[in-house]
Asks: 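Just passing along the structure, written as structure tokens.
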Amino acid sequence: MTQTQLIQQALHTLAYIGVREVCVAAGARNAPLVSALLACSGVKVWNFFEERSAAFFALGRIMADRQPVAVLTTSGTAAAELLPATIEAHYQNLPLVLVTADRPKSYRGSGAPQSIEQAGLFGVYATIVGDWDATDESHEGLCSDGPMHLNVCLDEPLETNVNGVDFSSAPPPPAYEDGQPAPLQCDLVLAAGMHPKDAAHVAVLLARLGAPIIAEATSNLHGFPELQPLLIPGGERALQSARPAHVLRIGAVPSWRWWRDLEALPKIKVTHITRGGFSGLARKENVETLGWENIHSTELTRVDPPCGILRFEPDFEKFPESEPAWVRKIVKAIPAGSRVFLGNSLPIREFNLAMQTTKPGVEFFANRGANGIDGLVSTFLGTSAVHAGECWLILGDLSALYDLAAPWVIAQMEHPRLRIVVINNGGGKIFSRVASLRALSEAARNVIENRHALSFEPWAQLWGLEYLQTADVNDLEDLLAMPMVIEIRPDPLQTEGFWKEWQQPVIRPR
């Protein structure tokens with residue numbers, strides 16, 4: 001098979017899988033693929049100068065539109081930069097397609113420049129759909145639920161005059177058939193990490209079930225009026241009061257500490273309905289995982305007696321400049337029709353605590369597969385790329401520092417209303433909430449928290465973004481119709497006071 005045939009086979013494979021967008025980080029070895037891709041029709045190409053951002057941006061596009069997106073790299077360590085996003089895609093069960101250009105197979109193990117062992121590079125986190133050089137392979141039956149890896153070995157001289165293909169002419173991938181729903185029963189529902197379209201179906205089920213619901217913002221359930229009487233405020237504190245016999249978890253694995261504590265409570269039955277297929281628990285006793293078709297179940301039972309969960313409302317007004325109170329102000333400032341991406345670590349937990357309801361049409365996303373803080377800005381930009389309304393990212397300072405190259409792609413987006421909100425508390429303050437770390441020396445905590453005194457104004461200037469540092473919530477109203485970095489610095493003493501009061505042990509009334 002000639003190099004031209006090999007390249008066109010790779011393009012036909014992407015089209016067959018259902019790819020209609022490709023994020024390209026170009027180099028010499030993948031130049032033939034890049035050139036041919038740009039000659040194709042029916043496919044959108046995004047270009048990046050580095051691979052890590054490209055992969056997380058692709059992940060965001062998949063999260064928003066629920067279609068496969070490919071990321072194309074050159075050979076060597078460029079391919080390795082895709083691993084963090086691939087791990088996240090694996091645990092979210094998202095079809096991220098990794099296309100890595102490679103040197104011929106004869107170079108493997110030689111240590112020659114730009115030659116690493118790329119085939120199988122992603123281990124259990126991606127299904128290999130091709131490792132091709134001159135061997136003809138069929139592209140039939142290559143669909144996968146999660147990440148897929150296509151390694152294309154190209155020899156010199158590199159052929160850069162290859163005709164493109166029409167991606168839109170490829171037949172759609174075969175649809176998967178759902179199984180039969182199983183009977184459902186519970187006395188407490190935990191909900192997190194659902195696409196807004198999935199949430200609409202889940203809301204119907206939960207309204208009929210009538211059990212109390214603890215829902216994270218990413219469940220996208222807070223906008224349904226019929227669920228308001230069932231939604232319990234208070235998050236972690238409310239969960240501490242609960243005495244459930246059977247927990248039904250829908251969507252992604254929750255962020256609450258109480259969820260982890262279920263490991264040591266095997267008498268509590270846990271049922272999962274999730275697209276990802278992961279239970280989120282190490283224990284096997286009294287745990288079952290069901291397919292997504294069970295959201296259409298017609299056999300619903302609420303276990304009696306109820307779990308006795310209590311409602312708790314934080315007093316944000318008592319600590320108005322604390323970090324949780326600032327997040328509450330941000331919740332109120334986000335306009336209807338917005339798309340919101342929540343950063344991991346403290347922001348998602350504080351947002352879940354601060355939000356009791358939402359304005360019409362607001363959608364929430366987050367990277368809650370592996371729960372890392374890398375690639376969050378890039379993933380946010382991917383979810384925002386074609387959204388018509390305002391798009392808000394709420395993340396911590398260390399998370400922003402992890403992804404400083406992300407705004408490169410903004411120039412390719414026709415989207416002026418991007419709001420990147422950095423809650424700058426001078427380091428990783430979530431570690432100060434971990435009980436087992438509180439006995440550390442001040443020197444050790446300084447290292448673990450990565451304390452700093454950095455400003456994010458130079459970052460905004462680097463990428464030509466508007467910058468606003470504010471201590472006045474009114475500044476969040478009527479923002480300029482342009483991409484912005486908004487830096488907020490909460491009062492550390494008020495933040496400590498808020499958490500000290502909020503984390504008091506729950507005392508149930510007699």
Side-chain angles (χ1 to χ4, degrees), residues 66 93 175-235 238-256 258-259 261-262 265-281 283-311 352 355-358 363-364 368:
R66 302 204 290 187
N93 198 33
Y176 293 96
E177 294 185 4
D178 288 336
Q180 292 298 316
L184 293 177
Q185 61 175 254
C186 71
D187 56 349
L188 177 63
V189 175
L190 303 183
M194 288 184 285
H195 192 278
K197 291 182 179 178
D198 285 343
H201 295 292
V202 170
V204 175
L205 170 78
L206 297 184
R208 288 165 45 211
L209 183 60
I213 306 166
I214 297 283
E216 296 199 359
T218 57
S219 71
N220 285 296
L221 292 176
H222 288 84
F224 294 93
E226 63 270 27
L227 296 184
Q228 292 305 312
L230 302 175
L231 291 168
I232 306 296
L239 284 167
Q240 291 175 12
S241 74
R243 300 293 183 269
H246 191 163
V247 173
L248 172 63
R249 184 206 106 202
I250 300 183
V253 176
S255 63
W256 301 299
W258 187 85
W259 173 263
D261 293 339
L262 283 177
L265 299 171
K267 291 184 178 180
I268 299 178
K269 184 174 182 179
V270 183
T271 298
H272 314 275
I273 302 178
T274 171
R275 287 193 181 276
F278 296 102
S279 73
L281 293 172
R283 71 172 168 97
K284 303 297 188 292
E285 182 182 354
N286 230 3
V287 174
E288 63 176 348
T289 302
L290 304 177
W292 193 252
E293 67 273 6
N294 287 278
I295 64 168
H296 303 294
S297 176
T298 55
E299 299 179 61
L300 305 173
T301 306
R302 186 177 63 185
V303 177
D304 289 321
C307 68
I309 193 167
L310 303 177
R311 294 172 175 262
N352 289 334
M355 192 185 78
Q356 305 304 332
T357 186
T358 186
E363 301 175 345
F364 295 92
R368 295 300 295 175

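Along the sequence shown, residues carry numbers from 1. Bear in mind the structure is a predicted one, so any value in this text is a computation, not a measurement.
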Asks: I need the F364 CZ to E216 CD distance, nearest 0.5 Å.
Replies: 12.0 Å

Asks: Give the intermediate values and the outcome of side-chain contact (heavy atoms from CB on, under 4.5 Å) for residues I273 and L248.
Replies: CA-CA 8 Å; I273 302 178; L248 172 63; 4.1 Å; yes

Asks: Would you say the side chain of L239 lies within less than 4.5 Å of the side chain of L190, judging by non-hydrogen atoms?
Replies: yes

Asks: Could you pull out the closest heavy-atom pair between L221 and A191, with the gap in Å?
Replies: CD1-CB, 3.6 Å

Asks: Would you check if the side chain of R275 reaches a backbone N or O of G277 as a donor-acceptor pair within less than 3.5 Å?
Replies: no

Asks: Could you check whether any side-chain heavy atom of F224 comes within less than 4.5 Å of a side-chain heavy atom of T358, counting everything from C-beta outward?
Replies: no

Asks: Please report the shortest heavy-atom distance between H195 and N220, naming the atom on each side.
Replies: C-ND2, 4.2 Å

Asks: Does Q228 reach the main-chain N or O of H222 with its side chain, forming a donor-acceptor pair under 3.5 Å?
Replies: yes

Asks: Going from CG on L290 to CD1 on I295, what distance comes out if it is rounded to the nearest 0.5 angstrom?
Replies: 12.0 Å

Asks: Can you see which heavy atom on D187 is nearest to which on V303, and at what distance?
Replies: CB-O, 3.7 Å

Asks: If you take all heavy atoms of G210 and R302, which pair is closest and at what distance?
Replies: O-NH1, 2.6 Å

Asks: Report the C-alpha separation of V204 and H296 in whole Å, then their side-chain angles, then the decisive distance to 0.1 Å, and conclude whether the side-chain contact (heavy atoms from CB on, under 4.5 Å) test is met.
Replies: CA-CA 9 Å; V204 175; H296 303 294; over 6 Å; no

Asks: For the CG atom of L227 and the OG atom of S219, what is their distance to the nearest 0.5 Å?
Replies: 9.0 Å

Asks: What's the spacing between N93 CG and F278 CZ if we round to 0.5 Å?
Replies: 7.0 Å

Asks: Show the nearest heavy-atom pair for residues R208 and S297, with the distance to one decimal.
Replies: NH2-O, 3.2 Å

Asks: When you compare the side chain of D261 with that of W256, does any pair of heavy atoms fall below 4.5 Å?
Replies: no

Asks: Would the distance check show the side chain of N294 and the main-chain N or O of A182 forming a donor-acceptor pair, the cut-off being under 3.5 Å?
Replies: yes

Asks: Would you indicate whether the side-chain heavy atoms of T301 and P183 approach each other to under 4.5 Å?
Replies: no

Asks: Do you know which two heavy atoms are closest between V253 and G280, and how far apart they sit?
Replies: CG2-CA, 3.6 Å

Asks: Going by heavy atoms in the side chains, are V189 and L230 under 4.5 Å from each other?
Replies: no

Asks: Counting distance only, does the side-chain N/O of R283 pair as donor-acceptor with the main-chain N or O of L262 below 3.5 Å?
Replies: yes

Asks: Kindly compute the distance separating NE2 (H246) from CD (E288), expressed to the nearest 0.5 Å.
Replies: 5.5 Å

Asks: State the OG1-CD distance between T218 and E363, to the nearest 0.5 angstrom.
Replies: 13.0 Å

Asks: Working note: I250 + L206, criterion side-chain contact (heavy atoms from CB on, under 4.5 Å); need CA distance, chi angles, decisive distance, verdict.
Replies: CA-CA 10 Å; I250 300 183; L206 297 184; 3.9 Å; yes

Asks: Measuring only between side-chain heavy atoms, which start at C-beta, is C186 closer than 4.5 Å to T271?
Replies: no

Asks: The test is side-chain contact (heavy atoms from CB on, under 4.5 Å); show your working for I214 and W258 and say whether it passes.
Replies: CA-CA 12 Å; I214 297 283; W258 187 85; over 6 Å; no

